[in-house]
Amino acid sequence: LTENLDLISDTMATLPVGGYTSISRGMEAGKKIMDRSRDADFVERTLIVMTDGRHNRGPEPRGVAQQLAAAGVQIHTITFGADADTPRMQEIAQIGRGRHYHALTGAELEAIYREIALTLSTIMTE
């Protein structure tokens, strides 16, 4: 992680843009990260899927959402952009017992992440 926004912007500018979006592959990658982290007894397993595109590669994301939900993962979805597939992402959030959001501005996106963060529980122990 870094707070250097120039580094982030420069790195993103080098990434190839091919017009292909595999929402399901991103969801699977998120699950792999969760599987390597703390035991589910100690953390909430929540996945946030943010997309500006339409799924057109890889397995159907609704099927992956069903697998994640069966494993106890809550899925929130965020779409942005006029061409976003909001109906599909609303369904994925419903499958994952989460909420769907659509952001039109950066300020709305910030508010969405804040709202999601406030839904996560905190457990204090001695």
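Values below: all heavy atoms of this structure, side chains included; hydrogens, waters and symmetry mates excluded. Throughout, residue positions are numbered sequentially from 1 according to the sequence presented.
Listed for the Thr119 side chain is a donor-acceptor partner under 3.5 Å among the backbone atoms of Ile116. Although no hydrogens or angles enter the test, the distance criterion places no donor-acceptor pair under 3.5 Å between the side chain of Gln94 and the main chain of Gln90. Of the possible polar contacts, none joining the Asp85 side chain to the Arg54 backbone as a donor-acceptor pair under 3.5 Å is found.
Rounding to the nearest 0.5 Å places CZ of Arg88 at 6.5 Å from CD1 of Ile92. Residue Ile48 holds its CD1 atom at 12.5 Å from CZ of Arg99, rounded to the nearest 0.5 Å. Within the model, atoms CG of Leu7 and OG1 of Thr11 stand 4.5 Å from one another, a figure rounded to the nearest 0.5 Å. One distance of note links NE2 of His102 with CE of Met89; it measures 12.0 Å at 0.5 Å rounding.
Between Thr51 and Phe80, the closest side-chain pair of non-hydrogen atoms is not below 4.5 Å. Looking at heavy atoms from C-beta onward, Pro59 lies in side-chain contact with Arg25 at the 4.5 angstrom threshold. Looking at Glu60 and Ser24, their side chains never come closer than 4.5 Å, going by heavy atoms from C-beta outward. In this structure, Val49 and His76 have side chains that are not in contact, with every pair of non-hydrogen atoms separated by 4.5 Å or more.
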Working for side chain to side chain contact (heavy atoms under 4.5 Å, CB included), residues Arg45 and Gln74:
CA-CA 6 Å; Arg45 296 168 55 87; Gln74 182 179 40; over 6 Å; no

Test Leu120 against Thr46 for side chain to side chain contact (heavy atoms under 4.5 Å, CB included), laying out the working first.
CA-CA 8 Å; Leu120 302 175; Thr46 302; 3.5 Å; yes

Go through the steps to decide whether Thr79 and Tyr101 satisfy the test side chain to side chain contact (heavy atoms under 4.5 Å, CB included), and finish with yes or no.
CA-CA 6 Å; Thr79 53; Tyr101 303 86; over 6 Å; no

Run Arg114 and Glu110 through salt bridge (charged side-chain N to carboxylate O under 4.0 Å, His left out) and show every step you take.
CA-CA 6 Å; Arg114 183 174 290 111; Glu110 184 178 334; 3.2 Å; yes

May I have the step-by-step check of side chain to side chain contact (heavy atoms under 4.5 Å, CB included) for Arg57 and Thr21, ending in yes or no?
CA-CA 6 Å; Arg57 290 288 187 268; Thr21 303; over 6 Å; no

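Scanning both residues, Ala69 and Gly96, for their nearest heavy atoms gives CB-CA, 4.2 Å. Between Met27 and Leu68, the shortest heavy-atom contact is CE-CD1, 3.8 Å. Considering all non-hydrogen atoms of both residues, Ile23 and His55 come closest at N-ND1, 3.2 Å.
Side-chain atoms of Thr77 and His100 form a donor-acceptor pair, as typed in the model, at a separation below 3.5 Å.
The hydrophobic cluster containing Ile95 does not contain Leu47, counting ILVMFWY residues as joined when their side-chain heavy atoms lie under 4.5 angstrom apart, directly or transitively.
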